[in-house]
Amino acid sequence: MAGRIEDYALIGDLQTAALTGRYGTIDWLCLPRLDSEAVFAGLLGTADNGYWHIGPSVSGAAPRPVADRRCYRGDSLIVEMEWDTPGGTLRVTDFMPPRTGADDTPRLVRIAEAVTGTVDVDVALSLRFDYGKVVPWVQRTPDNRTCAVAGPDAVWLDTEAESHGESLTTRSHFTLPEGERTTFALSWQPSYKGAPGRLDVYQAFEDTEKFWSDWVSRCTYNGPYRAAVIRSLITLKALTNPLTGGIAAAATTSLPEEIGGVRNWDYRYVWIRDAAKILSSLMQAGYLEEARAWREWLLRAVAGDPENLQIMYGIAGEREMPETTLEWLVGYEASAPVRIGNGAAGQRQLDVYGEVIGTLHLGSLVGLERDETSNTLLVKLVQSVETHWLEPDAGLWESRGPAQHFVHSKVMAWVAVDRAVQLVEDGHAEGPVEQWKKLRDTIHQDVCTNGYDAERNTFTQYYGSQDLDAALLLIPQVGFLPADDKRVIGTIEAVQRELSTSDGFVLRYPTKGDAVGMDGLSGDEGGFLVCAFWLAKDLALIGRYDDARALYERLLGLSNDVGLLAEEWDSPLQRQLGNFPQGFSHIGVVEVALELKRDKQRASLPTLAGAAR
């Protein structure tokens, strides 16, 4: 059975990732790419769907013990777990060497070591291809390697430990005296290519540690909560593919927003919105290389059809991500269906225009050089806003109900035009600036007239609605209205009053339980963590710094023991929910820390809001 979501830690090689749990079990790994088929899918099913366990030996049917300690090794994605046993202390180290050199083979490495005394170790490797559906053919090769093959995929295991097959699982049992280690290296290769080269495990360990140390050394952030900010930046980097420039929203699919519910989605793709906000965080921390790569990814992804900008694409810019369900997986804690692909790719969401142009604008402020191709894209995107901003859309939260005139969508349409104007006026682009200024003013007036409830002194979720939406908290952050505007303060107070959970976090919008809600779905969900981070940032913007810090520190307290956050927080169950780790949540960690550092000097660093005019 899979552990709680917060029981896992992330390891990755920048092109894919695995989740390793406190029991010493890896329950999730997709190969060769983050959005490829899983070879360990026990997270969304049972042990029969694939896992890899290394831990201290137990007798009979005794449960596997939880590690007594675990941590990331410094500022890296190397995880160390330790168990204290009657005979001694066992340490298991898990990592994936970043695929940045000539060797593009995805590899997962595990090292078992007796830190003190003598320890008995059990290993169970159960590979299942096609998301836990296909049992591979496993054989031992003459050169003492284990190979598992199914169709186009082959996984190779290299280890000095003796192993045997039992119940379609490769098992090992051995004893380690103090100071001795046994290594395991799992490598993926297309089955038609033959065997990959053997990995020098200890050199790979040193190279991996150095890679992350060098990357973190480039960070320019030096302020409060730095440890949390660095861990979040590393997590965001792990979701960033260095070959394509694409940035995934999360490392998993179908971890539920409600235990036992149906709100289970595949987040292993590049949402324009999420990627833009991740880039904002990375750029403000000094990482421009990722920004250049993402801009090139964007230009390739929308090439030939910028008028039909999608809200999301595949890791390499693929347009088609058909949504299907995997009937053979029972779902995380019986939360079905398990989905791959995402039908929201075909939705119209007007806010993505603002996210893209806002990020291009931020890039200009932090020193990203002008690019003529992106200028052409800019003009076409503003033309699309001019054509479509009066239309209803699916909104930020990808409603599967009727299209509406969502206030946040209109605000971000305004952002698109406003940042385009600023880019032209600052000499970073060319375009019909006077025409765009008129369009900007028209959108602003329309939102203030139709999206604001004067009696309640709050903006609403969509035109004509009485409901609220946590996305309204972004109004002052993007510069649509100043933070001290009475309408902004009224909206912040209304969201706190009407969308707060029992323990003070924030729901995205009202849901209807067993009834179908505005979003076209039944069921409820937990507090959406990034919404609470937005609230904390708003509180800082309006001068309530003590309240902002208190909420921020409570949110950091929801992180698991290695500093990771999922998408949501279940207040009654006091546990994390949703896909994990979630880029949106870690963006919140970075953005609020930046705001708290700025306090009253927030103009000293550029933000997505830019210099709102």
Side-chain angles (χ1 to χ4, degrees), residues 218-221 223 225 228-240 245-250 270-298 311-312 351-368 374 378 381 396 408 411-412 414-416 418-420 422-423 426 428 471 473-480 529-531 533-534 536-538 540-541 552 565 582-598 602-612:
R218 292 164 42 206
C219 179
T220 59
Y221 180 79
Y225 311 103
V229 170
I230 292 297
R231 178 50 53 194
S232 290
L233 289 171
I234 291 171
T235 304
L236 297 176
K237 174 64 172 176
L239 298 173
T240 305
I247 305 174
V270 184
W271 269 256
I272 295 289
R273 173 192 313 107
D274 298 50
K277 291 185 181 298
I278 289 173
L279 254 296
S280 174
S281 295
L282 289 171
M283 282 192 285
Q284 292 180 85
Y287 294 103
L288 296 189
E289 178 183 334
E290 289 78 6
R292 292 188 184 94
W294 184 78
R295 185 172 67 180
E296 293 174 3
W297 174 92
L298 178 69
I311 66 161
M312 58 185 287
D351 71 293
V352 297
Y353 296 98
E355 301 290 1
V356 170
I357 300 177
T359 304
L360 294 175
H361 173 251
L362 177 58
S364 72
L365 293 177
V366 298
L368 206 61
S374 61
L378 171 74
L381 292 179
L396 166 70
H408 172 263
V411 168
M412 293 306 294
W414 175 89
V415 168
D418 176 73
R419 302 311 189 267
Q422 293 187 46
L423 282 165
D426 293 341
H428 293 287
L473 295 169
L474 294 171
I475 287 175
Q477 296 181 28
V478 300
F480 183 82
L529 292 178
V530 76
C531 298
F533 282 112
W534 292 342
K537 186 171 181 178
D538 274 10
L541 285 170
Y552 182 64
L565 289 166
Q582 175 71 18
F584 242 4
S585 299
H586 286 281
I587 293 165
V589 173
V590 178
E591 290 288 333
V592 178
L594 288 166
E595 192 60 48
L596 291 173
K597 180 184 177 182
R598 282 191 288 265
R602 59 182 61 94
S604 65
L605 277 176
T607 70
L608 185 59

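The figures that follow rest on heavy atoms only: side chains count, while hydrogens, waters and symmetry mates do not.
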- line: One should read off an interatomic distance between Ile357 CD1 and Leu381 CG, to the nearest 0.5 angstrom, of 5.0 Å
message: So does Lys237 get a backbone contact from the side chain of Glu290, meaning a donor-acceptor N/O pair under 3.5 Å?
response: no
- prompt: Has the side chain of Glu595 got a donor or acceptor atom that lies under 3.5 Å from a matching backbone atom of Glu591?
  reply: no
- prompt: Would you say Ser364 and Asp426 make side-chain contact, with heavy atoms under 4.5 Å?
  reply: no
- request: Check the side chains of Thr359 and Glu355 for a donor-acceptor pair under 3.5 angstrom, ignoring hydrogens and angles.
  value: no
Donor-acceptor contact present, side-chain Tyr552 to main-chain Val589, <3.5 Å: yes
- request: Taking the side chain as every heavy atom from C-beta outward, state whether Val411 and Leu474 have any atom pair closer than 4.5 Å.
  value: no
field: Side chain proximity check, Ile311 to Ile272, heavy atoms < 4.5 angstrom
entry: no
field: Side-chain ion pair, Glu289 and Arg292, N-O less than 4.0 Å
entry: no
message: For Ala536 versus Val592, what's the shortest heavy-atom pair and its separation?
response: CB-CG1, 4.1 Å
message: Between Asp538 and Leu541, is there a side-chain heavy-atom distance shorter than 4.5 Å?
response: yes
message: To the closest 0.5 Å, what do you measure between CG (Leu529) and CD1 (Ile587)?
response: 12.5 Å
- line: On a heavy-atom basis, the closest approach of Leu473 and Cys531 is CD1-O, 3.6 Å
query: Which residue, Leu360, Leu378, Val478, forms the side chain to side chain contact (heavy atoms under 4.5 Å, CB included) with Arg419?
result: Val478
- prompt: Tyr287 side chain to Cys219 main-chain N or O, any donor-acceptor pair under 3.5 Å?
  reply: yes
field: Minimum-distance pair of heavy atoms, taken over all atoms of Trp294 and Ala275
entry: NE1-CB, 3.3 Å
Shortest non-hydrogen separation from Leu396 to Ala471 and the atoms involved: CD2-CB, 3.4 Å
query: Tell me, do Gln582 and Asp274 make a side-chain contact under 4.5 Å, heavy atoms counted?
result: yes
message: For Ala593 versus Val229, what's the shortest heavy-atom pair and its separation?
response: CB-CG2, 3.4 Å
task: Search all heavy atoms of Gly363 against all heavy atoms of Met283 and return the closest pair with its distance.
output: CA-SD, 3.8 Å
- request: Kindly compute the distance separating CD1 (Ile278) from CG (Leu233), expressed to the nearest 0.5 Å.
  value: 11.0 Å
message: What's the separation between atom OG in Ser280 and atom CG in Leu362, rounded to the nearest 0.5 Å?
response: 5.0 Å
query: How far does NZ of Lys277 sit from CD1 of Ile247, to the nearest 0.5 angstrom?
result: 13.0 Å
message: For the NZ atom of Lys597 and the CD atom of Gln284, what is their distance to the nearest 0.5 Å?
response: 11.0 Å
field: Polar side-chain atom of His428 near backbone of His361 as donor-acceptor pair, under 3.5 Å
entry: no
- request: Side-chain contact test, heavy atoms from C-beta onward, threshold under 4.5 Å: evaluate it for Val415 versus Phe480 and give yes or no.
  value: no
message: Can you confirm whether Leu565 sits close enough to His586 that some side-chain heavy atom of one is under 4.5 Å from a side-chain heavy atom of the other?
response: yes
